[in-house]
Protein chains: 2
Amino acid sequence: MPTIIPDIVISRLPIYLRALERLSQEGHEVTSSHELGKRLGISSAQIRKDLSHFGGFGKQGTGYRIPYLKDQLRQVLKVEQDWEIALIGAGDLGNAVARYRGFADRGFRIAYVFDNAPDKVGAHIDDFEVLPMDRLHETIVHNSIRIAMIAVPAEAAQIVADILVEAGIRAILNYAPINLVVPSDVRVQYIDPVIHLQRMTYYLP
Amino acid sequence: MPTIIPDIVISRLPIYLRALERLSQEGHEVTSSHELGKRLGISSAQIRKDLSHFGGFGKQGTGYRIPYLKDQLRQVLKVEQDWEIALIGAGDLGNAVARYRGFADRGFRIAYVFDNAPDKVGAHIDDFEVLPMDRLHETIVHNSIRIAMIAVPAEAAQIVADILVEAGIRAILNYAPINLVVPSDVRVQYIDPVIHLQRMTYYLP
DNA sequence: TAGATTGTTAATCGATTAACAATC
DNA sequence: TAGATTGTTAATCGATTAACAATC
């Protein structure tokens, strides 16, 4: 697409895609901006507007064919094939992330797990072996990995991020509760449950 | 405060608080909207505007005293004391969440863990015992729990949410990758790593 | 005092919504 | 055809930014 799409639009596409996958599972073949909006608590106008940035995916009178729209969104988001991910940190959280079944079929596959604790290196989590941190750089470079997840303690997160960026990582999902400093062409997303909780307590009596 | 504060402002306050905690740890006593903004990639004007909704926390010429501002933000967000949380789901993810040390000192404490798998009920995760699901309702009511975290498979999440709402839960942090339907006076926040990843792949070449 | 930085106002920018012609 | 729903335009709404007087 020629014009630049607002990031806030991009941020909603995965939500639409997730809802469409759910609708598929429930046996639906077709949906409408109205139905989707009601499920998601979003106005139907916004959904139509968002989708129209990428083309006309629907039909007047009938709505959207779910398999087609899913496919189109996957293409837009570039998740038709699986991206290999490097996971750094094999503690409780890293373990849980490594075992999480939810990445499959949604565009991602954890390919390598790293840690620097001597008692963890060489251990197995399901099918993969925990690799030592000194193999991090070479592994990323060699396998052209573009995405990494950080699941190390806050103190180590920035150091890990620096190595990742240096090795060519361009997208980081950071589970450590600190802000990372990275070059502007590297994207970072944060997962910090406390941030979400604090956002809700404001409204509690 | 009399006027209603935009939710987008509220959503940034926990980020500010986290950054202030970090600055404290690094030994800073004072900061400015400019310094804070540079760290967070937010304009200084926005930070001043956001904070000014709740009062004048700074001093012209010198900026903000960090301990004072932290304190004020904690009060605004209602996280000066710890909220007790019920965690539902003691699988890999539930385990990792239950063991996570990051809730302490940020306003939260996991108080109860539930699961319905016979091999998990009665087991211990650190100091707490996994309770059976049929004790969920009574435990929440009895202890006036207001916040819950859902870490069960997607198929079970809505059923669990219904029980939680019925029992008086008013804020839910949902780790299951589905949209929950709840009454409008119940807040839900979602943690789905795939959503964040898909938001980043759009920008990858 | 001079320099710095706040809190706030007004201007700008951008996102959401309402409405409707097009059309399946 | 009649009913439904899209894609899009224009209007509204809200959020961000720029600028500056106040003042530490």
Side-chain angles (χ1 to χ4, degrees), chain A residues 1-17 19-20 23 28-73 76 184 199 202, chain B residues 1-17 19-20 23 28-73 76 184 199 202:
Chain A
M1 298 292 114
T3 48
I4 209 163
I5 316 278
D7 180 63
I8 191 138
V9 172
I10 304 303
S11 77
R12 280 189 294 259
L13 300 184
I15 314 267
Y16 300 161
L17 180 53
L20 290 167
L23 283 165
H28 294 73
E29 275 279 311
V30 170
T31 190
S32 65
S33 60
H34 181 76
E35 179 181 38
L36 213 43
K38 221 173 61 174
R39 289 215 174 204
L40 297 174
I42 292 178
S43 80
S44 62
Q46 178 157 87
I47 292 174
R48 291 198 302 279
K49 187 111 216 281
D50 284 352
L51 296 178
S52 75
H53 281 102
F54 306 95
F57 298 144
K59 270 208 180 69
Q60 286 100 326
T62 60
Y64 302 91
R65 284 211 66 243
I66 293 174
Y68 177 70
L69 183 53
K70 278 199 315 194
D71 230 62
Q72 292 297 309
L73 286 181
V76 168
S184 62
R199 181 176 177 181
Y202 172 82
Chain B
M1 298 292 115
T3 48
I4 211 163
I5 315 277
D7 181 63
I8 190 138
V9 172
I10 303 304
S11 77
R12 281 189 294 260
L13 300 184
I15 314 266
Y16 299 161
L17 180 53
L20 290 166
L23 283 165
H28 294 73
E29 274 280 310
V30 170
T31 190
S32 66
S33 59
H34 181 75
E35 180 180 39
L36 214 42
K38 222 173 61 174
R39 291 214 172 204
L40 297 174
I42 293 179
S43 79
S44 62
Q46 179 158 86
I47 292 174
R48 292 198 302 278
K49 187 112 216 284
D50 284 351
L51 295 177
S52 75
H53 281 103
F54 306 95
F57 297 144
K59 270 207 180 66
Q60 286 100 325
T62 59
Y64 302 90
R65 286 211 64 242
I66 293 175
Y68 176 71
L69 184 53
K70 279 199 315 193
D71 229 63
Q72 293 296 311
L73 286 181
V76 168
S184 63
R199 182 177 176 179
Y202 171 81

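Residue numbers begin at 1 in each chain, while the letters A, B, ... track the order of the sequences. Here the structure is a predicted model, which means the values were calculated and not measured.
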Quick one: B:Ile47 CD1 to C:dT6 C1', roughly how many Å, whole number? 13 Å

Under-4.0 Å side-chain N/O to phosphate OP1/OP2 contact, A:Ser43 with C:dT16: no

A:Asp7 vs B:Arg199 side-chain heavy atoms within contact, under 4.5 Å: yes

Atom CG of A:Leu69 to atom P of D:dT6: distance rounded to whole Å? 11 Å

If you define the side chain from C-beta out and look only at heavy atoms, does anything of A:Leu73 sit under 4.5 Å from A:Leu51? yes

Between C:dA4 (C1') and B:Tyr64 (OH): distance, integer Å: 13 Å

Check nucleotides 21-24 of chain D against the protein and report each pair of N or O atoms closer than 3.5 Å, with its distance, or say if there are none.
residue: D:dT23; atom: O4'; partner: B:Gln60; partner atom: NE2; Å: 3.4
residue: D:dC24; atom: O4'; partner: B:Gln60; partner atom: O; Å: 3.4
residue: D:dC24; atom: O2; partner: B:Gln60; partner atom: O; Å: 3.3

Are any of B:Arg12's side-chain N or O atoms less than 4.0 Å away from OP1 or OP2 of D:dT16? yes

Looking at residues 32-40 of chain A, who's got a heavy atom less than 4.0 Å off DNA chain C? none

Do the non-hydrogen side-chain atoms of B:Phe54 and B:Leu13 ever get within less than 4.5 Å of each other? yes

Smallest separation among heavy atoms of A:Lys70 and A:Leu17, with atom names: O-CD1, 3.9 Å

Sub-3.5 Å pairs of nitrogen or oxygen atoms, protein against nucleotides 8-14 of chain D:
none

Sequence-distant partners of B:Asp71, salt bridge (Lys or Arg N to Asp or Glu O under 4.0 Å), two or more places apart: none

Gap between atom CD1 of B:Ile47 and atom OG of B:Ser32 - 0.5 Å precision: 8.5 Å

Stems for DNA chain C (at least 3 consecutive Watson-Crick or G-U pairs, under 3.5 Å) come to C:3-24 with D:3-24

Nearest-0.5 Å distance that lies between atom CG in A:Leu69 and atom OH in A:Tyr16: 10.5 Å

Quick one: list whatever passes side-chain hydrogen bond (donor to acceptor under 3.5 Å, both in side chains) with B:Thr31, sequence neighbours left out. B:Glu35

5′-ward residue of the pair B:Gly63/A:Asp50 relative to DNA chain C: B:Gly63

Are B:Tyr202 and A:Val9 side-chain neighbours, meaning at least one heavy-atom pair lies under 4.5 Å? no

Heavy atoms only: give me the nearest A:Leu40-A:Ala19 pair and the separation to one decimal. CD2-CB, 4.0 Å

For the pair made of CZ in B:Arg65 and C1' in C:dT6, what is the distance, rounded to whole Å? 17 Å

Partner set under side-chain hydrogen bond (donor to acceptor under 3.5 Å, both in side chains) for A:Gln72, not counting sequence neighbours: none

Interatomic distance, A:Gln46 CD vs C:dA18 P [rounded to whole Å]: 12 Å

Summary of salt bridge (Lys or Arg N to Asp or Glu O under 4.0 Å) pairs that have at least one residue in residues 48-66 of chain B, sequence neighbours excluded: B:Arg12-B:Asp50, B:Glu29-B:Arg65

Considering residues at least two apart in sequence or located in another chain, which fulfil the side-chain contact (heavy atoms from CB on, under 4.5 Å) criterion with B:Ser52? none

